[in-house]
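Proteins come first, then strands; the chains are lettered A, B, ... in the order of their sequence lines, and each starts at number 1.
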Amino acid sequence: MKVALVGNQNSGKTTLFNLLTGMNAKIGNWPGVTIEKKEGKIKKTKHKVIDLPGIYSLSPYSTEEEIARKYIFKEEPDVIINIVDASSLERSLYLTTQLLELDTRVIVALNMADILEKKGIVIDIDELKESLGVEVCLISALKETGIDELIKKIDEEKVSKKIKIFDDKIERKITFILENLHVKNSRFIAVNLLEEDPRFKEYQNSKIKDMIKDLEKNYDTDLEEVIATKRYKFIEKVKARSFRKIKVKEGISEKLDKIFLNKWISLPIFIVIMFLVYYLSVGVVGSRTVELVGSFMDYLSNMTRSFLHSINASDILISLIVDGIIAGVSAVIGFVPQLIILFLCICLLETTGYMSRIAFLLDKIFRKIGLSGKSLIPFIVGSGCSVPGIMGTRIIENEDERKMTAILTPFIPCSAKLPIIALFSGYFFKENSGLVSASLYFFAIIVIIISALFLSKFVFLNTSDSFISELPAYKVPSFKYILKDVFDKVVAFIQRAGSIILFCSIIIWFLLSFSLDLKYGIDIKDSILAAIGKSIAWIFYPILGEVNWGASVSAIQGLVAKEQVVSSMSVIAGFSDKVSEGSKIFGGASIFSTFTASSAYAFMVFNLFSAPCFGALGAMRRELGSLKSLFKAMAFQTGFAWLLASLVYQVGSRIEAGIINVSDIIIVLLLVLILLFIISKRGKKKDCSSCPYCKSCEEKLHESI
Amino acid sequence: MNLSEISNGEKAEVIKLEVDDKRLKRHLLDMGLTRGVVVTVKSTAPMGDPMQIMLRDYELCVSKSDLSKVKVKVIK
């Protein structure tokens, strides 16, 4: 049997999914559907379970809701488990009233049984079953109670009874439409026809349109509003019968909000929290652990070398294993401890409910540059990895704001770019390395502001002032869930090191060890890689101030994975030890020894802001909708990065040489600020959030289906 | 009166949604802002926008530009 998990955001859906599957979920791409959906097997059964995106309604207007709808209509699950947050019953049951109109069997899983008692709430389950006409199961995903009963309910082939939730006038019309509508999910379609849902146009006819006009006269508003209001009226009645609140007292969430959303201290608290996150992961704690892992990798590399020598392995093989594979892979693996801390912090921000509050706090600032407060969530998630960050842009309703955020998210230094930052700032800015790393994050913020201003004034003109977001109650996150989440992400990172990075390291080693006529044991300058590098090195001349083939080929490899840049440099430098320290890469004999502080900074800037890795490009393509817009976005990112990096080097090297002084820079910056101010005053086009009602949007939507 | 004009701590009943954009209107309706529902204004973000409101036992953040399209009457 196919079981679909449907529910609001923050309803505990993912936790329930993990419980049902016994944490053995695999995450993968669903063929044909543009979403990373989770699929697993319910433990001890043969049922397949699918985790659909968190939604509040099945309206035709939002991407996520459309995905859920499409899944239900095309894949036809046998059972829908509708997870309902018991502490906000009214809003959660709204989606339920829509699901009940489908022909699929629905089981309501009433979640958060554990906090009901604390909130002084009593729910009459039998009454709820009776009113909704479906099975209702009381569970607590956090405390893991009621799960076995829920699984048992899936096997009970009980037919749910169709309940009528609208008044007689509307129900009569539905009955009339149903007489001529013989398809699956007919009641759902009938209601949507009354709402004039453009997705069911094929069933629409003039008779129904007359009925709608007739009814609308009666209610003095459009039928879509009437139907939504009637749903809530029905829910209010159900709630009155089955829900009782015994005591009313201020919840802990409200007390916390008095601090975290306080007018005066909320922003300082936000700054402190974000500082802590990056101080822990990127700063002191993270880099200490990196050194530790680094020295272990050294030990491993030396051990392998002497072992291979002792069994008389050939030089070429030793070189392949030690200088190619181990050097390449360990350059990346060394950063795993930092990643664990970073992923842990981001997961905590997400699960405690603080992330939604950040969007609320900073929305106004983001509006000024044409983005939404919700754009900040992809940015923060993107500091771990751009891919989930870009996918997270789906929470933004406005299409233009969503696309802009998807293009800007890769500008945030992700965890794979950390090795680049750590390597260069550690070696070239020694005692100031922390400051330089931090400066790159600020650099990223400025790049995002400038790009957002540019894009919203010249490319994406239909941004809006709208902001609607639930503020979920604060939650003590499930320890198991966090552990699994962080573990999954770290494993994915290591897997990449073991596959793509390993593969690339071998290729790089091969291209480095052999000359064009395939001779081994040549000077590195005569290698195939050097030949390739020399042909493209001119592109990087304004950034590096020299023709450096090694740096050029390494930067290009950032497209495969950003950490590959460091990996490649370490293989090219021909050493297998102490990569993170930088001394071997930039040491005397290395081809990277000509790097200066300004070219190092410029090189970092290019690698940070140019087109992201293939994984992120794939995610961007999905959100931007077409290959053409992806190429435009890539050209924008890479062009902008090249320009900035050249600027950094040209200015930086002149400061180093004493040609330019600080006052010149201040004057130029002032001019740039004035220019930005003029741009920001540029007018906006009229608001259109691409509803499916006007002609151009409708065509666009049809293309996307 | 608009919902955006209600001060913190006050309660108001929704009378009408004056929203032209169908998508926005449906979104507000889906979140429970239907005629007759009672809304409590809880707080305003530090920079004056958006606002935090409470309805149907949960908390929702909505920008002032959206709330200004919701006609209400204050409940004492």
Enquirer: Specify the closest pair of heavy atoms between A:S88 and B:D57, including all atoms of both residues, with the distance to one decimal.
Expert: CB-O, 4.0 Å
Enquirer: Indicate the atoms forming the closest heavy-atom contact of B:D30 with A:S59, along with that distance.
Expert: OD2-CB, 3.7 Å
Enquirer: Check whether A:S266 gets within reach of chain B through its side chain, its backbone, both or neither, counting any heavy atom under 4.5 Å.
Expert: side chain
Enquirer: Between A:D363 and B:P50, what is the shortest heavy-atom contact and its length?
Expert: CB-CD, 3.7 Å
Enquirer: Any donor-acceptor pair under 3.5 Å linking the side chain of B:S65 with the backbone of A:D465?
Expert: yes
Enquirer: Is chain A contacted by the side chain of B:K42, its backbone, both, or neither, given a heavy-atom distance below 4.5 Å?
Expert: side chain
Enquirer: Minimum heavy-atom separation for A:K263 and B:P46, please, with both atom names.
Expert: O-CB, 3.6 Å
Enquirer: Under 4.5 Å, counting heavy-atom pairs only, tell me which of A:N8, A:T221, A:L95 racks up the most with chain B.
Expert: A:T221
Enquirer: Taking all non-hydrogen atoms of both residues into account, name the closest pair between B:M31 and A:Y232 and its distance.
Expert: C-OH, 3.6 Å
Enquirer: Of the backbone (N, CA, C, O) and the side chain (C-beta and beyond), which part of A:F243 lies under 4.5 Å from a heavy atom of chain B, both, or neither?
Expert: side chain
Enquirer: Sort B:D66 into side chain, backbone, both or neither according to what part of it lies under 4.5 angstrom from a heavy atom of chain A.
Expert: side chain
Enquirer: Counting only non-hydrogen atoms closer than 4.5 Å, does A:Y94 touch chain B with its backbone (N, CA, C, O), its side chain (CB onward), both, or neither?
Expert: side chain
Enquirer: Go through the atoms of A:S356 and report whether side chain, backbone, both or neither lie under 4.5 Å from a heavy atom of chain B.
Expert: neither
Enquirer: Between the side chains of A:E397 and B:R23, is the shortest nitrogen-to-carboxylate-oxygen separation below 4.0 Å, so that they form an ion pair?
Expert: no
Enquirer: Does any heavy atom of chain B fall under 4.5 Å from the side chain of A:D257, the backbone, both, or neither of them?
Expert: side chain
Enquirer: Counting only heavy atoms closer than 4.5 Å, note whether A:I468 contacts chain B via side chain, backbone, both or neither.
Expert: both
Enquirer: Sort out for me which of A:E470, A:R231, A:R357, A:E236 touches chain B most, counting heavy-atom pairs under 4.5 Å.
Expert: A:E470
Enquirer: Looking at every heavy atom in both A:T229 and B:R35, which two are closest together, and how far apart are they?
Expert: CG2-O, 4.2 Å
